[in-house]
Amino acid sequence: MRRPPLPKLPSRLPVDGYILALVGTVALAALLPARGPAATAAEGASTGAVALLFFLYGARLSTREAMDGLRHWRLHLTVLACTFVAFPVLGLAARGLVPQVLPPTLYTGLLFLCLVPSTVQSSIAFTSIARGNVAAAICAGSFSSLVGLVVTPLLAGLALHGGGGFSAGSLVSIVCRLLLPFLAGQLLRRWVGRWLARHQKALGHVDRGSILLVVYAAFSAGMVQGIWHQVSALQLLCLLGVEAVLLAVMLSATWYGAKKLSFHRADRIAITFAGSKKSLAAGLPMASVLFGAQAGLAALPLMVFHQMQLMVCAVLAKHFAASAASAASAEPEAAVAGAAAESVAVTEAAGDMVVSGPRR
């Protein structure tokens, strides 16, 4: 039996072009932050963009597909437990790193990162590359995003109360700016769903443009408030190391935990990618509502983690795919070897009968 090949680093690391656009937007906000009337206009445009973004999320999510996916409830509960239980527990445990490793401002962002829902598109893509259960990944990511609209603000209220800018007013803002547009999208889906499906590519640019606008408004407010003087380069490197450990722990926990729960390989792959990732698209708008002028710094850990998970999961998905291909090629060889052994045994038995004669 051949050993599966070891994972190889790709010749070109998958630095997402959208991440480069986000970095460019942050740089623009640092050089040309919106001030005065421009800041008011940017904030208003950001609010409208967030509402549009969640309206489109609601209009795209098929209620019928979501209900069909409930049949695989064990897998979905496992992903939800990883996203909204295991991650927050690790985030709370990281409080011991304050202030020696992480300043309170970055820790607040790290904890918020642990509360946001799982990503959808990249989980599906990596599950497909790794030959996992793509349908399960679609449903698990959709359920996580839907549950996160309610659970993330509630968890933020519990975990960030008194130190993260969360208040009853923030909860009302979440409902008005995120949940209500999402529900409106669901109600109007029967009339606008087909049109959205036909223009999916163009609307993808609307999604990303909306998030870039949110990032610019948040980081502009942070620059005007002078929050970036609170963080040093060494502290940013410490944040990178802490998030690398966090990702490694969650990847290991999802893979081996799913094995302990007796999920087969395809489901384990879906659980690993959906349960270990965090959504930048959902997290950034929520951060803008919850943290106000501090949103830029609070969202920084999420942005760093997002790029890290893309790079690591791309390598991991290729490793899973290579292992599956190796196992598939080994099966025919094993079958041929078994047939050959059986042929030899039959030949030897026939030879024994010729020498000794038939047994009575």
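Nothing here was measured: the structure is a model prediction, and the numbers come from that model.
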So how far is it from W73 CH2 to T78 OG1, rounded to the nearest 0.5 Å? 8.5 Å

Hphob cluster co-occupancy, V79 + L251, side-chain heavy atoms under 4.5 angstrom: no

Between S128 and I124 (side chain of the first, backbone of the second, donor and acceptor by atom type, cut-off under 3.5 Å), is there such a pair? no

Pi-cation contact, F263 with R74 (under 6.0 Å, within 45°): yes

Heavy-atom closest contact (P301 atom, A298 atom, distance): CD-O, 3.4 Å

Do the non-hydrogen side-chain atoms of W255 and I269 ever get within less than 4.5 Å of each other? yes

Between R268 and H264, is a side-chain contact (heavy atoms from CB on, under 4.5 Å) present by the stated rule, with each step listed? CA-CA 6 Å; R268 289 169 64 192; H264 59 74; over 6 Å; no

Kindly indicate, with the supporting measurements, whether the criterion side-chain contact (heavy atoms from CB on, under 4.5 Å) is fulfilled by Y216 and V26. CA-CA 6 Å; Y216 176 75; V26 172; over 6 Å; no

Steps toward side-chain contact (heavy atoms from CB on, under 4.5 Å) verdict (L102, Q235): CA-CA 6 Å; L102 294 176; Q235 290 171 333; 6.0 Å; no

Answer yes if L236 and V23 sit in the same cluster of Ile, Leu, Val, Met, Phe, Trp and Tyr residues linked by side chain heavy atoms under 4.5 Å apart, and no otherwise. yes

Nearest-0.5 Å distance that lies between atom CD1 in I271 and atom CG in L261: 7.0 Å

Examine M303 and F305 and state if one hydrophobic cluster contains both, with Ile, Leu, Val, Met, Phe, Trp and Tyr joined whenever side-chain heavy atoms are less than 4.5 Å apart. yes

Out of curiosity, does L77 fall in the hydrophobic cluster containing L75 (side-chain heavy atoms, cut-off under 4.5 Å, transitive links)? no

V315 backbone acceptor or donor facing H319 side chain under 3.5 Å: no

M250 and C82: CA distance, side-chain angles, deciding distance, side-chain contact (heavy atoms from CB on, under 4.5 Å) verdict: CA-CA 8 Å; M250 286 307 302; C82 294; 4.1 Å; yes

With distance as the sole test, does K318 use its side chain to make a donor-acceptor pair with the main-chain N or O of C313 at under 3.5 Å? no

Report whether Y256 and F87 are members of the same hydrophobic cluster (ILVMFWY, side-chain heavy atoms less than 4.5 Å apart, transitive linking). yes

Can you give me the closest heavy-atom contact between L297 and T105, atom names plus distance? CD2-CB, 3.5 Å

Restricting to non-hydrogen atoms, name the atom on A51 and the atom on P181 that form the minimum distance, rounded to 0.1 Å. O-CB, 3.3 Å

Locate the shortest heavy-atom distance separating F320 from A130; write the atom from each residue and the value. CB-CB, 3.6 Å

Residue list, side chain to side chain contact (heavy atoms under 4.5 Å, CB included) with S279, at least two apart or on another chain: T119, A281, A282

Which heavy atom of L113 sits nearest a heavy atom of L246, and at what distance? CD2-CD2, 4.1 Å

Approximate separation, where rounding is to 0.5 Å, of L20 CG and T25 OG1: 10.5 Å

Could you tell me whether the side chain of P103 reaches within less than 4.5 Å of the side chain of V98, counting heavy atoms only? no

State, with a plain yes or no, whether a side-chain heavy atom of L149 is found less than 4.5 Å away from one of M286. yes

How many angstroms lie between CG in D267 and CG in N133, if you round to the nearest 0.5 Å? 5.0 Å

Nearest 0.5 Å, what's the OG1-CG distance between T83 and L115? 11.5 Å

Please confirm whether the backbone N or O of V116 pairs with a side-chain atom of K278, one donor and one acceptor, at under 3.5 Å? yes

Point-to-point distance, once rounded to the nearest 0.5 Å, from NZ of K277 to OG of S123: 4.5 Å

Do the ring planes of F273 and F126 sit parallel (below 30°), tilted (30 to 60°) or perpendicular (above 60°)? tilted

Under 3.5 Å, is there a donor-acceptor pair between the side chain of Y107 and the main chain of P99? no

Closest non-hydrogen atom pair between A59 and R189, with its separation: O-CG, 3.0 Å

